[in-house]
Amino acid sequence: QKQPMMDTMTPSTLYDEECTPSPANVEEGKVVKKKVSSLRTWGPAMIAMALVIALNAALLGPSGENVPALSDQALNKRALSEARTAQVSAMANDAQGDRYLSRTYKIRDLSEEEGGMMEYTRRRHRYLGEYVHVDVSDQFSVFGKISVSVIYFAFWVFLMFPNWFLPIGRPGIAMGGGLTMVVWRYILVVSGQGPIFDAEKVIIMEPLFLLFGLMLTTIYLEKMERGGLFDKLRDSLDDPVNWKRSGKIMLMSTIGSAAVMNDSIVLIFSGVVVDLCVRHKVANSLPYLLSLATTANIGSAYTMTGNPQNILIVSLAYDDIGWTEFLMNMVLPVTVASILNATMMFLYYRGELFPGSSGLMENVGIMFAGNRTPEMLAQEHAYYARQAAAKEAEGEMGDIQHGWTIWSKLQVVIVIAFLICFGMGFDVCVVSICAGAILMVLAAYKRQHYDPKPDMTEYDAEGNPLPPKKTYDMDGNEIEPEEEELVTESETTLTEVDYGLLMLFIGQFVLIGSFNDTGVPQAFFNLTMGGCADQMTSVPCVYWFVLIVTVLSNLASNVPVVQMLAATFPYASPYDWLQVSFSATIAGNLTMLGSAANMIVAFQAAKVGDRTFTSERHAPFGIPSTLVCLYAGTFLLSTVHFAPECSEKLGECG
């Protein structure tokens, strides 16, 4: 059983306070706590932001006067785009055939009888304009736009720093914000200050279905059997050496997020990481939780199925982007970003990950020469002593099987089938819910027919068993005891689904959807991009472009930003979309609200009492790590890529 983290963890030695011996009380064994300066905490983040601003000012000029003129290729693309849009606008819409537009617009290779490339363009153009990004900003008054923006940013701050206000929690804050926005939008409609708000349309159901299915799957993988697949996964990440344990977490998270999806990886392994921190009684769990969250975001950039925005990009892109093409272009920048993030992790948290080390050079010797400090040797001895004691205790209990039982093998089969179905392109929401439902049936069957029945015998003070209590009806007749009542899944395991996490995302969808209706994010993008808007992925504009995408992804969420860019630049090339994918994904590490994976890690850790993963603790590492990885990866992707910089379907590659 997991024990609460609050009693076993002390504040972070990096961000709150550090402990130094004092000569006055060394004999008493006490330690003096020294406050860490704000400069040490926020210095790296401030330096990283200053360097980014200086770089863009040097490339584009302080006021953008160095923005290059449009090239012949850019001018040609603008002319082709305008002509193609005019052709599509002149085509008649097929009301009957467009009933299933959300499915048919993705078919890029239509036959000549079906309308060919122009019919595909018409369907996609209509889908982008009527389903993906409906522009109603012109129906708001100035007061309506300002008031909606104020409400959004107020709740954005509340969600970012929930502990600064009433102890409501992020799910309650998000739901309160969503309901507030619905009521306020109704007031704006009545007063003629804004359009009708279709709140149900801005709630994206796919992530909710996916999260529910993943939570169901995770719960049954963990609860079905002690020593089963879930415990084996946890043991595979365990290590007596702190930096190796962090490295294993980062490697697993990176590969897993690329293979499946980052949200599923953090949902499965957040509890595992917290459990490992409890097992090793670490003083600061933050570097291990950051190891999981940051690498889950970075690793998901490898593949087009690694995160929701990549899946959306591939479906909304005008030209085809293959799975292999996507991976080949992303291997170099994402690998370098992963190495940089891991290096910064080891530098930032060297006190926790390399206990007893005197400095950087000794850390290098520990990692590459196998050196050990006395503190690390003591940790290893304690680890192996605990393992020996645990094996001895298990030998006495005799109820834990470390081999692969039939139930563990069935779990492996179901998980492999889940991965195969996911890789074959089946709907991940349906696959995850089916996997959870199958595991639920197996767990119920196992508990009813194979698990030992609970002992309902009551005992007196001396430990003697008491006879079963007899019950009588109103006439004094003894009532025969009924058969043992079955305990259903609805009463046990299903209650452990984090419905609060689903409420959190529903509230955020409503807040973000209303904010996007105002047109403020689009206006911010157009204003800040200026002359770079038509050459956003060409050097030097690309470095400014990825920064704007990063900021918008943290203010308005990355999926709505992708939808906005698809509607604004409907004929973007595959290379353009790769830059959007990389920047929108890496942006998830900037702040706590930048990625759903961050929120899941914080929520799952808080469930078991670990509240160290907060916005104010995340940002000092997240900001410099994100900016370094973003600009290094952008440079590599712009220098080495295989995706075409032109749109074949638009006809600009000829």
Kindly check if the number of other-residue, nucleotide or ligand heavy atoms within 6.0 Å of CG (Asp138) is above 12?
yes
Just by distance, with hydrogens left out, do Asn297 and Asn589 show a side-chain donor and acceptor under 3.5 Å apart?
yes
Does Thr585 offer a backbone N or O that forms a donor-acceptor pair with the side chain of Asn558 under 3.5 Å?
no
Check the pair Thr537, Leu578 against side-chain contact (heavy atoms from CB on, under 4.5 Å), reporting the backbone distance first and the verdict last.
CA-CA 10 Å; Thr537 57; Leu578 289 174; over 6 Å; no
Can you say whether the rings of Phe505 and Phe509 are parallel (under 30°), tilted (30 to 60°) or perpendicular (over 60°)?
tilted
Given side chains that start at C-beta, do those of Tyr152 and Ile512 come closer than 4.5 Å, heavy atoms only?
yes
Residue pair Ala587 / Asn554: nearest heavy atoms and the distance that separates them:
O-ND2, 3.1 Å
Taking Ser257's backbone N and O only, do any of them form a donor-acceptor pair with Ser300's side chain (distance below 3.5 Å, no angle check)?
no
CD1 of Ile173 to CH2 of Trp156, rounded to nearest 0.5 Å, is 13.0 Å
Using a distance-only test with no angle check, is there a side-chain donor-acceptor pair under 3.5 angstrom linking Ser63 and Glu65?
yes
Roughly how far apart are Leu552 CG and Leu547 CG, rounded to 0.5 Å?
10.0 Å
Please examine the side chains of Ile548 and Phe524, heavy atoms only from C-beta on, and report whether any two atoms are closer than 4.5 Å.
yes
Shortest non-hydrogen contact between Ala293 and Val601, atoms and distance:
CB-CG2, 4.0 Å
Close side-chain approach of Met564 and Asn516, heavy atoms under 4.5 Å
no
Identify the two heavy atoms, one from Val202 and one from Val510, that lie closest to each other, and give their separation to 0.1 Å.
CG2-CA, 3.9 Å
Is there a donor-acceptor pair closer than 3.5 Å between any side-chain N or O of Thr295 and the backbone N or O of Ser253?
no
Closer than 3.5 angstrom, by distance alone: can the side chain of Ser315 be matched with the main-chain N or O of Leu312 as a donor-acceptor pair?
yes
Taking all non-hydrogen atoms of both residues, which atom of Ile265 and which atom of Gly256 are closest, and how far apart?
CG1-C, 3.4 Å
Do other residues, nucleotides or ligands put more than 12 heavy atoms under 6.0 Å from Gln139 CD?
yes
Tell me, which pairs form a ring-ring contact (aromatic ring centres under 6.0 Å, His included) where one or both residues lie in residues 172-202, sequence neighbours left out?
none
Identify, with sequence neighbours excluded, every residue that meets disulfide bond (SG atoms under 2.5 Å apart) alongside Cys429.
none
Is a side-chain donor or acceptor of Asp319 paired with a backbone partner of Ser573 at a separation under 3.5 angstrom?
no
Between Tyr543 and Phe635, does the ring centre distance come in under 6.0 Å?
no
Answer yes or no: is there a side-chain heavy-atom contact under 4.5 Å between Gln579 and Ser638?
yes
Can you tell me how far apart CZ (Arg84) and CE (Met118) are? Round to the nearest 0.5 Å.
5.5 Å
If we only count heavy atoms from C-beta on, is the Phe603 to Pro171 side-chain gap below 4.5 Å?
yes
From Tyr575, Trp577, Phe326, residue fulfilling ring pair (Phe, Tyr, Trp, His ring centres under 6.0 Å) relative to His641
Tyr575
Without hydrogens or angle criteria, can the side chains of Thr254 and Tyr302 be said to hold a donor-acceptor pair below 3.5 Å?
no
Scanning both residues in full, the closest heavy-atom pair of Glu325 with Ile321 reads OE1-CA, 3.7 Å
Treating Thr335 as the side-chain partner and Leu332 as the backbone partner, does any N or O pair qualify as donor plus acceptor under 3.5 Å?
no
Full working for side-chain contact (heavy atoms from CB on, under 4.5 Å) between Thr634 and Ser583:
CA-CA 8 Å; Thr634 299; Ser583 56; 5.6 Å; no
Can you tell me how far apart CZ (Arg78) and CG (Asn76) are? Round to the nearest 0.5 Å.
11.5 Å
Checking Asp576 against Tyr318: is there a side-chain donor and acceptor pair closer than 3.5 Å?
no
Close side-chain approach of Pro162 and Ile168, heavy atoms under 4.5 Å
no
Might you confirm whether atom CE of Met344 has over 12 heavy atoms from other residues, nucleotides or ligands at distances under 6.0 Å?
yes
Would Phe582 and Asn329 count as a side-chain contact (heavy atoms from CB on, under 4.5 Å) if you check the C-alpha gap in whole Å, the side-chain angles of each, and the deciding distance to 0.1 Å?
CA-CA 10 Å; Phe582 182 78; Asn329 283 274; over 6 Å; no
For the backbone of Gln522 and the side chain of Asn526, can you confirm whether one donor and one acceptor N or O come within less than 3.5 Å of each other?
yes
Taking all heavy atoms of Met592 and all of Met599, pick out the closest pair and write down the distance.
O-SD, 3.6 Å
Within the 4.5 Å heavy-atom criterion, are Asp263 and Leu267 side-chain neighbours or not?
no
Do the side chains of Leu565 and Phe525 get nearer than 4.5 Å, heavy atoms only?
yes
Short side-chain to backbone donor-acceptor contact, Lys77 and Tyr571, under 3.5 Å:
yes
Val67 vs Gln535, side-chain contact (heavy atoms from CB on, under 4.5 Å): CA-CA, chis, key distance, verdict
CA-CA 10 Å; Val67 175; Gln535 47 186 337; 3.9 Å; yes
Within the distance-only criterion (no hydrogens, no angle test), does the side chain of Thr518 pair as donor or acceptor with the backbone N or O of Lys145 below 3.5 angstrom?
no
Hey, could you give me the CG/CD1 distance between Asp198 and Ile203, rounded to the nearest 0.5 Å?
11.0 Å
Looking at Asn341 and Ser625, would you say the former's side chain and the latter's main chain have a donor-acceptor pair under 3.5 Å?
no
Rounded distance (nearest 0.5 Å) linking atom OG1 of Thr550 with atom CD1 of Ile623
12.0 Å
Evaluate Phe212 against Phe209 for ring-ring contact (aromatic ring centres under 6.0 Å, His included), listing each step before the verdict.
CA-CA 5 Å; Phe212 177 78; Phe209 293 147; 8.6 Å; no
Check whether the side chains of Ser647 and Glu652 place a donor and an acceptor atom closer than 3.5 Å, and report yes or no.
no
Only one of Val183, Val148, Ile196 passes side-chain contact (heavy atoms from CB on, under 4.5 Å) with Leu188; say which it is.
Val148
